[in-house]
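So that the names make sense, note that chain A is the first sequence line, chain B the second, and so on, each numbered from 1.
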Amino acid sequence: MSGSAEIPATTANPPPATTTAAAAAAVVKRSWGDEADDDADDWNAVAVPTDDNKVTADLNVDSLAISEPEPPLYDPEDSSIQAVTAGDTPYTSASKFEDLSLSDELLKGLYVSMRFERPSKIQAITLPMILTPPHKNLIAQAHNGSGKTTCFVLGMLSRVDPKLQAPQALCICPTRELALQNLEVLKKMAKYTAITAESAVQESLNDPAHIPISKRPPITTQIVIGTPGTVKKWISYKKLSLVYMKILVFDEADHMLAQDGFRDDSLRIMNEIKKNASNCQVLLFSATFNDTVKNFVTRTIPDYNQLFVKKEELSLEAVKQYMVQCPDELAKVHVIKDKILDLGEKVGQTIIFVRTRESASMLHKALMDFGFEVTTIQGARTTEERDKIVKEFKDGLTHVLISTDLLARGFDQSQVNLVVNYELPVKHYSWNEPDCEVYLHRVGRAGRFGRRGAVFNLLCGDRERMLMEKIEQHFGIKVDEVASWNSDEDFEAALKEAKLL
DNA sequence: AAAAAAG
């Protein structure tokens, strides 16, 4: 590994005088704007700075991404990660955590508590970008299970002033579960520091110890990780001071800024911070950024660095995907009961994704009636139930979890080797269009950190077959078919091929 | 024609 390779910023090619704003705009559009039809390029495509006179270096880089196999951008031994920066600041990739001038307490947390040895590739590149003044904004597309949580958690921990008892870092997540999970990672990493952190998520209403925010003293915790509604509420009650905010993180940022996601909430929070704090750094992390969101993000977040990972390292590649043609809905249940769960027991834990809460209850009942112990999580359940179900699953007490897309993003449980799509994800406006981003996120629940994994897509009827086809086309992949839904041997062979057996 | 957050 050529560890300390310099990430070329704008020095690679001096901009010719002929570069026009129009050309720059075209590049911006090209790099960020393309989508479905050339996703492969998309992952190779790199950053484009917002600053016109810095564009040409990237114009060159970008053209590499457009043409065929491009030469590596900065590291001959590892071309899978590419980054482009927006300013004059040179960033040196961190081959060791020591390169990041972290506090001793934080280093100890990384080595002892987290048991990390050295930064992952993504961490090596993003951390200098996050930590080096002038603390530019960052848009980072990092694949599932690659350690992006560490990037922004370490970023937040490094940037807060431990001596200042006031909120200085805020992280917004799409679900309660993800916020709590991220907080846990942060607390583990912060174990030897005095930095304080808490979650801003809906709390159990039955808990007698629960105190409504209106009756709580102002937050003095240094890091807050939460969901949009609760964070907004804390802000509107003036309990969460934004004056000292130094860093704002959006996990699953594409969803947080999507029109049909949390865009309104996210923008409001961002604007409130802008009004109160000067120079708050914004970090956006996700495994997916579709072109609509990309365009919006580039218009919304000024002056950003960007990072991309090649498509080859997507968990779509690490996880073996199958489709199973089922004659009817009952056959789907039989497949889960007789084939997948039996084998699944041997290979780890399983998450079964469904499209609606109703499907979740229906499948839950069907499997329970067959005598299978499964648990189900979906947003309509109480916070206590949700906490309990997640804890049992994370503790390994339960092996099969039915979930809506509540857990599609970010949920990290390394023992999950099997993902079942009882129903494929579809766009909310049409059930004839697959939601490829959600599909990728679901797949990413298996095969965490390069582990083996398999996905079974259960298909019934022409519509679902067509959805599967469209997903294959979108990602440019071929999803193998399990020959017969009714054959034990076929499923066993499939898991062997996935190297799970 | 959904789910999520949250009121």
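If you measure from atom CG of A/Asp265 to atom C1' of B/dG7, you get 12 Å, rounded to the nearest angstrom. The distance between atom NE2 of A/His255 and atom P of B/dA2, rounded to the nearest whole Å, is 15 Å. Nucleotide B/dA3 holds its C1' atom 13 Å from the CD atom of A/Glu423, rounded to whole Å. Atom CD in A/Glu433 sits about 15 Å away from atom C1' in B/dA2, given to the nearest Å. Between the CG atom of A/Leu407 and the P atom of B/dA2 there is a distance of 20 Å, rounded to whole Å. Note: CD1 (A/Ile235) to P (B/dA5) measures 18 Å, nearest angstrom.
Distance from the side chain of A/Thr404 is smallest to B/dA3 among B/dG7, B/dA3, B/dA6. For A/Asp260, counting side-chain heavy atoms from C-beta on, the closest listed nucleotide (B/dA6, B/dA4, B/dA2) is B/dA2.
Across all strands shown, A/Arg409 has no heavy atoms under 4.0 Å from either base or sugar-phosphate atoms.
The aromatic ring centroids of A/Phe491 and A/Phe456 lie less than 6.0 Å from each other.
Here A/Lys427 does not reach the OP1 or OP2 of B/dA2: none of its side-chain N or O atoms lies under 4.0 Å away.
Within residues 349-367 of chain A, the residues that have a heavy atom under 4.0 Å from DNA chain B are, in order of number, A/Arg355, A/Thr356, A/Arg357, A/Glu358. Residues from residues 198-208 of chain A placing a heavy atom under 4.0 Å of any atom in DNA chain B, listed by number, are A/Gln202. Less than 4.0 Å separates DNA chain B from at least one heavy atom of each of the following residues of residues 168-184 of chain A: A/Pro174, A/Thr175, A/Arg176.
Residues that satisfy the salt bridge (Lys or Arg N to Asp or Glu O under 4.0 Å) test with A/Asp328, not counting sequence neighbours, are absent from this structure.
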Report, one line per pair, each donor and acceptor closer than 3.5 Å where one atom sits in a side chain of residues 476-484 of chain A; sequence neighbours left out.
{"from": "A/Asp480", "atom 1": "OD2", "to": "A/Lys320", "atom 2": "NZ", "distance (Å)": "2.8"}
{"from": "A/Ser484", "atom 1": "OG", "to": "A/Asn486", "atom 2": "N", "distance (Å)": "3.1"}

I'd like a table of donor-acceptor pairs (distance under 3.5 Å, sequence neighbours excluded) in which one partner is a side-chain atom from residues 362-370 of chain A, with atom names and distances.
{"from": "A/His364", "atom 1": "ND1", "to": "A/Thr376", "atom 2": "OG1", "distance (Å)": "2.5"}
{"from": "A/Lys365", "atom 1": "NZ", "to": "A/Asp369", "atom 2": "OD2", "distance (Å)": "2.9"}

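Residue A/Thr398 holds its OG1 atom at 6.5 Å from CD of A/Gln349, rounded to the nearest 0.5 Å.
Taking the ring axis of A/Tyr304 as reference, the NZ or CZ atom of A/Lys136 does not stay both within 45° of it and closer than 6.0 Å to the ring centre.
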